[in-house]
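All remarks here apply to the structure that follows.
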Amino acid sequence: MTTFDSITRSDQIEQPARFAQSARWTVADLPAAEPEFEFDVAIVGLGYVGLPTALAYHGSNSRVLALDVSERRIEVIRSNNADLLDIDRARLLVALDHPGFVLSTDPDDLRRAAAVIVCVPTPVDEHLIPDLSILKAATQMVVDHAVPGQVLMLTSTSYVGCTDDLLVKPLVNRGFTVGSDVFVAFSAERIDPGNATFDHDEVPRVVGGATAECEEEATKLLLRYVTNVHRVRSLAAAEMTKLLENTFRAVNIALANEFADICKSLDLDIADVVDAASTKPYGYMPFLPGPGVGGHCIPCDPHYLLWQLRKQRVAAPMITQAMVEIAARPNRVVDRVQEVLSDAGYGLTGSRVLVIGIAYKPDVADLRESPALEILDGLIERGANVAFLDGHFEGVTLPSGTSLLAETDPVAYGADLVLLHTRHSDTDLSWIAPGQLVLDTTYRGVDVPQRVIL
Ligand SMILES: NC(=O)c1ccc[n+]([C@@H]2O[C@H](COP(=O)([O-])OP(=O)(O)OC[C@H]3O[C@@H](n4cnc5c(N)ncnc54)[C@H](O)[C@@H]3O)[C@@H](O)[C@H]2O)c1
């Protein structure tokens, strides 16, 4: 059997003919290579992924250009107010005081970097259709400022073929030969914001290049701070790897939710069952049920795949069904609040519901796609009075436009029902009195007599 390592360069990647054919510019027209790059790497987009990546590079003695279009974001970073793990906060303190870490909003600076890594958001719109506008703008900017010798790497999750469409083809149209003038690769980030268990630098990275030379250069770039790189044979294989990882999570979360509902009807505790199954050392991986999924990955990424498959008329019924179930979960929580209140002799209209934890997961100040937002809106729509308690937020504006200020005195609020949505490690639940009605959507959040689960 042929192993990948033994495959020759020409076996690995067929150099597309268009690299040679479609160049409209001659080599002489290309911008001159920077005689010596001032930065080893530029990071484009300094969010939950880009900022820790920039800090990891700086921590590994790379000279870093950290670029974001948002002046506000740069200010948050400069004042050390970004939502970061302790290790990254410490790295930022060092970086802010060091000439090898430069914050910028000027795309012209990109010419000064030997490598450019794009880490901008890839969300979905309200119809769950991929919104590529941010990624297209960022890659266009990178292409427009590309100079010979650069390694250009996409790390944003996207559809299969995206790196080719948004980097390779436009670079070829500018007259570059990809694989010799510039090097293009895809390597998705696997960062887990708020999770300090896994060292960012220790998590293996998967990389695919547009050519074997691109793969080689991209691997060297990653190895500046990552300890382990797994190479795949194409950009597309690397892009699909990320879609598999996150679709796997989505499908399993949908399954865990279904099992939670089944256990409830059979009067079993799903948390006990998951704990028990988790004792199996192989062939099982625990997923926990909950009020829905949030963040920038699970609710979005599988839709990039489904969207792409629709164009090709390829059906993916299991993934489709999982995403439908996931999207419906917050509404299920609203139904359950109504049911629990009704069982206790209250109507939802006029009842007071206090939601504990509105972030999409514990220990992050991130509200993107958080089920809590839809749940709060759904409760308001059905006539409930709502409030929330979450030390990470002073207030929130819901998708409907309603603004809420955080509740500061939960006892004084006098909730008819407490809805436990997200339990941060510093969430204090000691104020919950024994008679308090609690709906626990985390399935393992609190031990009080009046607790019911979702
Ligand atoms: N957040 C996660 O848990 C996570 C994990 C792994 C992968 N990802 C993927 O990484 C990508 C980035 O996600 P994120 O959570 O870091 O996003 P984010 O919203 O936290 O940050 C993105 C940053 O990019 C900036 N930006 C937007 N357009 C820009 C441009 N043209 N030039 C420069 N900066 C620009 C924004 O101002 C923002 O600061 C997404 O594709 C996401 O799917 C996210």
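Order of appearance sets the numbers: ligands from 1, and atoms from 1 within every ligand.
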Region of [X] engaging ligand 1 - heavy atom pairs below 4.0 Å:
{"X": "Asp192", "answer": "neither"}
{"X": "Ser156", "answer": "both"}
{"X": "Cys297", "answer": "side chain"}

Residue, atom name and distance, where the atom is the protein heavy atom closest to atom 6 (C) of ligand 1
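That would be Glu189 O, 3.5 Å.
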
Any salt bridge between Arg72 and Glu75, counting N to O under 4.0 Å?
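Salt bridge flag = no for Glu75 with Arg72.
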
Need the ligand 1 atom indices (1-based, order shown) with element for anything under 4.0 Å from a heavy-atom of Val44.
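Going through ligand 1 atom by atom, the ones under 4.0 Å from Val44 are 32 (N), 33 (C).
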
Are any of the N/O atoms in [X] less than 3.5 Å from those in ligand 1?
{"X": "Arg190", "result": "no"}
{"X": "Tyr48", "result": "yes"}
{"X": "Val49", "result": "yes"}

In this structure, are over 12 heavy atoms from other groups packed under 6.0 Å from Lys136 atom NZ?
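No, not enclosed.
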
If you draw a 6.0 Å radius around CZ in Phe287, do more than 12 non-hydrogen atoms from other residues or ligands fall strictly inside?
yes

Test side chain to side chain donor-acceptor pair (under 3.5 Å) applied to Lys361 - qualifying residues, sequence neighbours left out:
Asp192

Which pairs pass ring pair (Phe, Tyr, Trp, His ring centres under 6.0 Å) with one or both residues in residues 49-82, sequence neighbours excluded?
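Sorted result for residues 49-82: Tyr57-Tyr225, His58-His98, His58-Phe101.
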
